[in-house]
Amino acid sequence: MKIRYFAWLREHIGTSSEDIPLDQTCRTVSDLVAFLSARSVGHRHALSDMTLVRVAVNHVYVDIDHPITAGDEVAFFPPVTGG
Amino acid sequence: MKIRYFAWLREHIGTSSEDIPLDQTCRTVSDLVAFLSARSVGHRHALSDMTLVRVAVNHVYVDIDHPITAGDEVAFFPPVTGG
Amino acid sequence: MTIRIQEDDFDLASIYAELRAPLSPPAASTAQEGTLSVGTLSAGAISLFIGLVRDINDDQRIDAMTLEHYPGMTEAKLTAIRDQAMRRWQLGKAIIIHRVGKLYPNDQIVLVGATSPHRHAACDATAFMMDYLKTEAPFWKSEQTTDGNTKWVASRDSDMTARSRWQKT
Amino acid sequence: MTIRIQEDDFDLASIYAELRAPLSPPAASTAQEGTLSVGTLSAGAISLFIGLVRDINDDQRIDAMTLEHYPGMTEAKLTAIRDQAMRRWQLGKAIIIHRVGKLYPNDQIVLVGATSPHRHAACDATAFMMDYLKTEAPFWKSEQTTDGNTKWVASRDSDMTARSRWQKT
C-alpha cells in the first residue's frame, strides 16, 4: 500500500511517501491511522488530530471509516489552500 | 431648449437633435411630448407610445412628469441595448 | 483611463497590465485606512469580462452591427456605475471600455474589469458593472442580418431582472 | 489544453486568444442541439479570473510563497470541477491553469476562464470553478514572511461558505 503525505504532515513525518505492507487488521482509514501512528513520533504527532487532516483514497476524498485494500494509494494532508 | 433623439426615434423623426424655443405651456416632460408630437407625423409616430421611450434631462433619467426649464437638454430614446 | 468609449479595438493584454500593476502607495493608503493592509499594493484578485459580437441573435445570422450612443451621458453613466462599484466593494482598480460604431461577429464590444484583495469582490463588482451597463448606459445596437435587413435590437427583460439582484433590501 | 498545472508563468493574451477563437462547427453542434444556435461559433461572453500572489497575508508582509500539490489527484480534481461547470452552464470553453513551485508577490498563481453565449453563465461558471478549486483541489501554500519565517497557510471558513452557495437545494 502506498501512503502519501503533503504540506505540514509531510514535514512532521519526514517523508512524502512510503510503501507499507497492508496489515490484516487495517480494514478502514481509521485502522490505518492507528497503525501509522505507531511507526514514529512524527507519525503520531501528524495524525493526532484527524479533524485537521483530509484523507484521499486513490485520489478521491473519503471519510475516516472508508474501507481500504492492499492496492490503494492513501494520502493524508491538511485542508487545501490553493488558488 | 435642446432636444435629442436616438436609435429608432432618431430615424422616425429624421433628425438627431433640434433646438426649439421652450413653449410657456411646457412645464413637464409630458407637456413637451405633446408639444413635439404636433411638429410632424414622424414626431407623433415616435412619441406615440411613451412606454417604449426613455427620457433623460441633462443626462439623468427622469419620469414623464419631471419638470423642464429652458436651458435643459432633453433626450428621447428606446431602452438601452449596449454591452 | 478608467472609462473609455471608443471606435478602435482594445488590447486585453495592455489593459490587464494596467490592472495588474501594483497600486502606488498613496492610492493604496487611501483605499483602506487603519489596518496594516494599508500597504497592500498587489491586487490579489483580477476579474475580467469581455463581450464579443455574436454571429447569431434571435435565431438570425448577423453580418454586422452598429453601436450608437449618447455622447456625454454615456461617460456620465459609466462613471457613475464604476463609482458605485468602487463604493460597494473594496476594489483596487476598476475599468469599463465600450466600443461604438460598426462591428463584426467576434469583434470585442465591451470590457469590464476589477481588482481587489478578495476574489468575490472582484467577480461581483464585474458582474454588477455589466448588469448596470446593460440597463443604464445609453448605447443602442442595430443589427444587419445576412438577409440584408437592419433592425434595432430589442432590450431584454432578463437584463432588468439581473440588475434587480443588486438592489439592497 | 483545458487543465494545466505548471511551474512556468502563463500568458493571459494567448489564453484569451484560445478562448476567443470561434468553436469549430462540430464542437458547436455538440454544444447545443436542436436549435438554430447550433451554428453559434462566436462566444459572446468571456469571463476571466486571475489570482496573484499578495504582498500581505494575515497582516504579515510576504517575501515569497511555495505551492505544493498532489500530482495525479490535482489533475483529476480540476478536470472534475471543470466538467461540473460544463454540465451546469451552457459553456463554449472552460480553462483552469494553476502554478506550483516558488512564487513572489504579484506573480500570477491561477487563471480560470469560461466562454458562453450568455454573460451570467460565463461569470457564474468562473466563480464556481474558483470556489471549488479553493476547497477541493489539492494545493498547499507555504509563505515566507519578511521576518524570515515560513508557515503553512491556513484554510479559510469563508472558502467553504463560498462553495456551499452552489449547492442546489
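Computed from a predicted model, the values in this text were never measured in an experiment. Because only heavy atoms are used, hydrogens play no part in the values below, and waters and symmetry mates are left out as well, while side chains stay in. Each chain gets a letter, A, B and so on, in the order its sequence line appears, and its residues count up from 1.
By the neighbour-count criterion of 12 heavy atoms within 6.0 Å, atom CG of C:Asp157 is sparsely surrounded, having that number or fewer from other residues, nucleotides or ligands. Counting non-hydrogen atoms of neighbouring residues, nucleotides and ligands closer than 6.0 angstrom, the CZ atom of C:Arg156 reaches no more than 12 such neighbours. The local environment of CG in D:Asp147 is crowded, with over 12 non-hydrogen atoms from other residues, nucleotides or ligands closer than 6.0 Å.
In this structure, D:His120 NE2 and C:Phe49 CZ are separated by 8.5 Å, a value rounded to the nearest 0.5 Å. D:Cys123 SG to C:Met130 CE: the interatomic distance, rounded to the nearest 0.5 Å, is 7.5 Å. For the atom pair CD1 of C:Ile50 and OG1 of D:Thr115, the computed distance is 11.0 Å after rounding to the nearest 0.5 Å.
With a threshold of 4.5 angstrom between heavy atoms, C:Asp131 approaches chain D through its backbone and through its side chain. In this structure, chain D has a heavy atom under 4.5 Å from the side chain of C:Arg165, while its backbone stays farther away.
Between the side chain of D:Arg20 and the main chain of C:Asn106, a donor-acceptor pair closer than 3.5 Å is present.
Among D:Ala45, D:Pro105, D:Ala13, the residue with the largest count of heavy-atom pairs under 4.5 Å with chain C is D:Ala45.
When all heavy atoms of D:Arg54 and C:Gly44 are compared, the closest pair comes out as CG-CA, 3.5 Å. Taking both residues in full, the closest heavy atoms of C:Ala162 and D:Arg119 are given as CB-NH2, 4.2 Å, listed atom of the first, atom of the second, then distance.
A 4.5 Å side-chain heavy-atom check between D:Leu12 and C:Leu48 finds at least one atom pair inside the cut-off.
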